[in-house]
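As C-alpha cells, the structure follows; a few thoughts come after it.
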Amino acid sequence: TSGLVTATTFSGSSLTGIDTGKVLQVKQAVKTDTASQGSTSNSYVDISGLSETITTTGSNKVFISFNVNGGTNGGYAFFVRIARVTSGTTTELCVGDAASSRVRCTTGGNSNHAAWESFYMSSEFLDSPSAGTHTYKIQWSTGTPVSHSPTMYLNRSYTDSDSAAFNRGTSQMTIMEVAA
C-alpha cells in the first residue's frame, strides 16, 4: 500500500535524519555489596561504586537515573543527591531549594525506627554540562546534627539479621549522553 514501510531489521546507530534526542553512549554502575557510613555532620560523601565518567561533545546533555536501597539506625534520615565533578569542581544537581537548616537533597527517606526496614529511593535528571569529561556520583548524608551518631546502610537494613524477614538489595546509576 502507498506510504507503508515494513522494516525487518534496523539499528539505532544507523538512524539518519534524527539530530536531537539520540542516545550516543550509555554507562552504568551497579553496586550489589553492602556499605555503611556513619555521620557526625550533615555533609555529603560519595557512595563508593556509584560513579561513572563520561566525555561529552558539543552541547549534548547527560541523562542520569539512579536507584538506591538502604536503611538507617534509630529512624534517622538518609538523604541522597546527584553530583557532577568537572575539572575538580563538584556541582550538586537536582536538589531542593535552600530553606533555613533543612538539608538540600535529590531524594531521601528514613527507616521509621524499624530495625528490619529498608527503603528504596530513585530519581532522574537531565543535565546540561559543557563539552568535556564529567564524573557523575551519587552521594549520601544523614543530615543529622553532630550531637547524634546516625549510620546509613546501603543495600541492607540496620540490623541485617540472618532471616527471611531481612533483605539484601542493589543500587545502581545509569548515565546517557543525549544529542542536543
Side-chain angles (χ1 to χ4, degrees), residues 26-54 61-86 88-129 134-176:
V26 178
K27 295 192 171 190
Q28 185 177 56
V30 178
K31 187 165 179 68
T32 59
D33 61 331
T34 63
S36 63
Q37 174 67 42
S39 177
T40 56
S41 72
N42 62 3
S43 60
Y44 280 92
V45 295
D46 299 345
I47 298 178
S48 177
L50 287 184
S51 68
E52 279 292 338
T53 300
I54 193 167
K61 299 182 182 300
V62 175
F63 182 77
I64 307 108
S65 172
F66 74 85
N67 306 293
V68 172
N69 175 281
T72 62
N73 66 327
Y76 290 111
F78 187 126
F79 299 117
V80 179
R81 76 176 182 188
I82 305 167
R84 176 188 2 100
V85 180
T86 304
T89 300
T90 300
T91 304
E92 60 186 21
L93 302 174
C94 190
V95 296
D97 291 345
S100 188
S101 60
R102 295 169 184 86
V103 176
R104 300 177 72 208
C105 65
T106 302
T107 186
N110 83 36
S111 57
N112 198 28
H113 297 279
W116 54 266
E117 189 176 42
S118 67
F119 43 89
Y120 184 72
M121 298 171 283
S122 64
S123 191
E124 298 174 336
F125 180 68
L126 186 62
D127 188 28
S128 300
H134 315 283
T135 299
Y136 288 89
K137 301 178 174 193
I138 304 303
Q139 299 179 318
W140 56 351
S141 171
T142 61
T144 305
V146 296
S147 60
H148 302 285
S149 297
T151 301
M152 300 169 290
Y153 299 92
L154 192 71
N155 296 336
R156 55 165 276 203
S157 63
Y158 159 49
T159 53
D160 195 36
S161 296
D162 187 6
S163 162
F166 294 82
N167 77 314
R168 286 290 177 94
T170 64
S171 298
Q172 58 273 334
M173 177 186 69
T174 304
I175 58 174
M176 297 181 273

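One-based numbering along the sequence shown.
- Atom-to-atom distance recorded for Gln28:CD and Gln172:CD is 6.5 Å, nearest 0.5 angstrom.
- Both the sub-6.0 Å distance and the 45° axial angle are satisfied by Arg81 relative to the ring of Tyr44.
- Residues Leu154 and Ser171 share a closest heavy-atom pair of CD1-OG, 3.6 Å.
- Between atom CD1 of residue Ile138 and atom CD1 of residue Ile64 there is a gap of 8.0 Å, rounded to the nearest 0.5 Å.
- In terms of heavy-atom proximity, Phe125 sits nearest to Ile82 at CB-CD1, 4.0 Å.
- Here the straight-line distance linking atom OG of Ser51 with atom CE of Met173 works out to 6.0 Å at 0.5 Å rounding.
- Residues Phe66 and Ser122 have side chains not in contact (no heavy-atom distance under 4.5 Å, counting atoms from C-beta outward).
- Taking each heavy atom of Asp160 and Asn167 in turn, the nearest pair found is OD1-O, 4.2 Å.
- Considering Thr53, Asp127, Thr86 as possible partners of His134, the one that fulfils the side chain to side chain donor-acceptor pair (under 3.5 Å) test is Thr86.
- For the atom pair Lys137 NZ and Ile47 CD1, the distance stands at 11.5 Å (nearest 0.5 Å).
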Subject >> Steps toward side-chain contact (heavy atoms from CB on, under 4.5 Å) verdict (Phe63, Met176) >> reply: CA-CA 5 Å; Phe63 182 77; Met176 297 181 273; 3.2 Å; yes
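- Considering only heavy atoms from C-beta on, Arg168 comes within 4.5 Å of Thr34 through its side chain.
- Annotation for Gly71 and Phe119: closest pair CA-CE2, 3.7 Å, computed over non-hydrogen atoms.
- Here the side chain of Asn155 pairs a donor or acceptor atom with the backbone of Lys31 at under 3.5 angstrom.
- Here the CG-OG distance, from Asn69 to Ser157, works out to 9.5 Å after rounding to the nearest 0.5 Å.
- A distance of 6.0 Å or more separates the ring centres of Trp140 and Phe79.
- In terms of heavy atoms, Phe78 sits closest to Gly70 at CE1-CA, 4.0 Å.
- Looking at Val30, Val26, Asn67 one by one, the single match for side chain to side chain contact (heavy atoms under 4.5 Å, CB included) with Thr174 turns out to be Val26.
- Put simply, the side chain of Ser163 never gets that close to the backbone of Phe166: no donor and acceptor are under 3.5 Å apart.
- Partner of Arg84 under the side chain to side chain contact (heavy atoms under 4.5 Å, CB included) criterion, out of Val62, Leu93, Ile54: Leu93 alone.
- Taking each heavy atom of Met121 and Gly109 in turn, the nearest pair found is SD-N, 3.7 Å.
- Checking side-chain atoms of Ser141 against main-chain N and O of Ser43 turns up a donor-acceptor pair under 3.5 Å.
- Counting heavy atoms from C-beta outward, Thr106 and Cys94 have side chains that approach closer than 4.5 Å.
- A salt bridge (Lys or Arg N to Asp or Glu O under 4.0 Å) check over residues 95-106, counting only residues at least two apart or in different chains, returns the pairs Glu92-Arg104.
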